[in-house]
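Residue indices begin at 1 and follow the sequence shown. All values reported here derive from a predicted model rather than from experimental measurement.
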Amino acid sequence: MKQNDRLSVDNAAAHIGVAQTQVWQRDALAEAQTDWLADEVPVALVYNGISHVVMMSTPKDLEAFAIGFSLSEGIIDAPGDIYGMDVVPGCNGIEVQIELSSRRFMALKAQRRAMAGRTGCGVCGVEQLNDIGKPIAPLPFTQTFDLARLDEALHQLKTFQPVGQLTGCTHAAAWMDPQGELVGGCEDVGRHVALDKLLGYRSQQGWTQGAVLVSSRASYEMVQKSAMCGVEILFAVSAATRLAVEVAERSNLTLVGFSKPGRATVYSHPQRLR
């Protein structure tokens with residue numbers, strides 16, 4: 001990284017999501033150096049006064065995270081179902097206090113399940129195996145993407161990881177327009193949280209034309225969250241799991257893995273790509 005780039009990253013991330021620490025390198029154990037660590041804190045999503053889930057998260061973009069999680073978990077149908085939100089730091093973590101409409105809160109109480117502590121595996125906190133996965137309406141086929149534009153988008157992905165550039169410790173999720181430009185993105189120590197943040201931010205911006213690009217592998221939950229929010233095309237830098245492909249096929253989502261310069265592996269519904 002160039003020095004000027006390093007300074008710009010420092011300025012962007014100096015006050016949120018990172019902390020300095022002392023480290024010792026293998027070839028210089030006698031001399032301590034200063035390095036950066038990504039913050040990871042418990043974030044509780046509290047709906048109408050009832051704590052619903054605690055996630056480990058980087059403490060930034062938490063409003064977008066709350067909206068995206070609520071959408072991707074089917075707790076709300078649209079951001080307008082949230083009447084108010086407050087981010088409240090506490091001694092042991094952060095609470096995001098969300099005021100739901102009465103209709104959505106009643107629906108949440110009817111389906112509420114214990115998920116405290118879930119960090120991304122998708123099973124922790126689920127009471128029964130039958131609870132895994134949600135019914136997803138099949139997606140329409142309104143989006144297309146030219147794979148020739150993917151490489152430039154991949155080069156832009158790190159620009160949405162100021163904490164990651166300092167620490168090497170975050171995943172990114174970004175929205176890619178049909179021209180291959182990354183118009184917005186979010187990062188987090190957890191890949192699922194990074195995606196939720198992006199989905200929340202996307203809903204606030206009203207983006208519909210384009211695709212999601214994530215810096216991680218594609219698990220079934222990444223596919224499910226994307227499909228729940230109407231995303232038709234998901235690009236992952238790493239591999240996909242078998243269950244992810246099955247969910248993508250059923251929901252009509254185009255899933256692409258191993259998205260790297262000059263390379264892409266299409267797992268489902270290739271007709272959207274050219």
Given the rule in the side chain to side chain contact (heavy atoms under 4.5 Å, CB included) test, do Phe145 and Thr254 qualify, once you have shown the distances and angles that lead to the verdict? CA-CA 10 Å; Phe145 189 81; Thr254 298; over 6 Å; no

Applied to residues 227-252, the salt bridge (Lys or Arg N to Asp or Glu O under 4.0 Å) test, sequence neighbours excluded, yields Glu232-Arg272, Arg242-Glu246

Can you run down the salt bridge (Lys or Arg N to Asp or Glu O under 4.0 Å) pairs that involve residues 75-91, sequence neighbours left out, and say none if there aren't any? Asp77-Arg103, Asp77-Arg104, Asp81-Arg103

How many angstroms lie between [atom1] in [X] and [atom2] in [Y], if you round to the nearest 0.5 Å?
X: Asp151; Y: Gln156; atom1: CG; atom2: CD; value: 11.5 Å
X: Leu195; Y: Glu221; atom1: CG; atom2: CD; value: 9.0 Å
X: His171; Y: Ser238; atom1: NE2; atom2: OG; value: 9.0 Å
X: Ile67; Y: Asp196; atom1: CD1; atom2: CG; value: 11.5 Å
X: Leu234; Y: Leu213; atom1: CG; atom2: CG; value: 8.5 Å
X: Trp24; Y: Glu31; atom1: CH2; atom2: CD; value: 11.5 Å

Can you name the closest pair of heavy atoms from [X] and [Y] and give their distance?
X: Ala218; Y: Ala244; result: O-CB, 3.3 Å
X: Leu253; Y: His269; result: O-CD2, 3.3 Å
X: Glu187; Y: Phe160; result: CB-O, 3.6 Å
X: Ala153; Y: Leu182; result: O-CD1, 3.3 Å
X: Pro59; Y: Val41; result: CB-CG2, 4.0 Å
X: Ala173; Y: Val214; result: CB-CG1, 3.9 Å

If we only count heavy atoms from C-beta on, is the [X] to [Y] side-chain gap below 4.5 Å?
X: Pro42; Y: Met56; value: yes
X: Pro162; Y: Lys60; value: yes
X: Leu45; Y: Met55; value: no
X: Trp175; Y: Val212; value: yes
X: Val87; Y: Leu62; value: yes
X: Arg191; Y: Ser219; value: yes
X: Phe65; Y: Thr58; value: no
X: Val43; Y: Val54; value: no

Does any donor atom in the side chain of His192 or Ser72 lie under 3.5 Å from an acceptor atom in the other side chain?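 On atom types as modelled, these side chains do not qualify, holding no pair under 3.5 Å.
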
Answer with yes or no whether the side chains of Gln179 and Glu181 bring together a donor and an acceptor at under 3.5 Å. no

Does [X] use its side chain to pair, donor to acceptor, with the backbone of [Y] at less than 3.5 Å?
X: Gln161; Y: Thr170; answer: yes
X: Gln165; Y: Lys158; answer: yes
X: Thr21; Y: Asp35; answer: no

Passes side chain to side chain contact (heavy atoms under 4.5 Å, CB included), His52 versus Ile75? Steps please. CA-CA 11 Å; His52 180 69; Ile75 295 169; 3.9 Å; yes

Only one of Arg274, Gln271, Gln209 forms a side-chain hydrogen bond (donor to acceptor under 3.5 Å, both in side chains) with Thr144, so which one is it? Arg274

Can you list everything that forms a salt bridge (Lys or Arg N to Asp or Glu O under 4.0 Å) with Arg149? Sequence neighbours excluded, please. none

Between Val231 and Leu199, is the side chain to side chain contact (heavy atoms under 4.5 Å, CB included) condition met? List the steps. CA-CA 9 Å; Val231 173; Leu199 294 173; 3.9 Å; yes

Please walk me through it: do Leu154 and Val237 pass side chain to side chain contact (heavy atoms under 4.5 Å, CB included)? CA-CA 9 Å; Leu154 290 165; Val237 167; 4.1 Å; yes

Consider only side-chain heavy atoms of I, L, V, M, F, W and Y, link residues closer than 4.5 Å, and tell whether Val88 and Ile98 are in one cluster. no

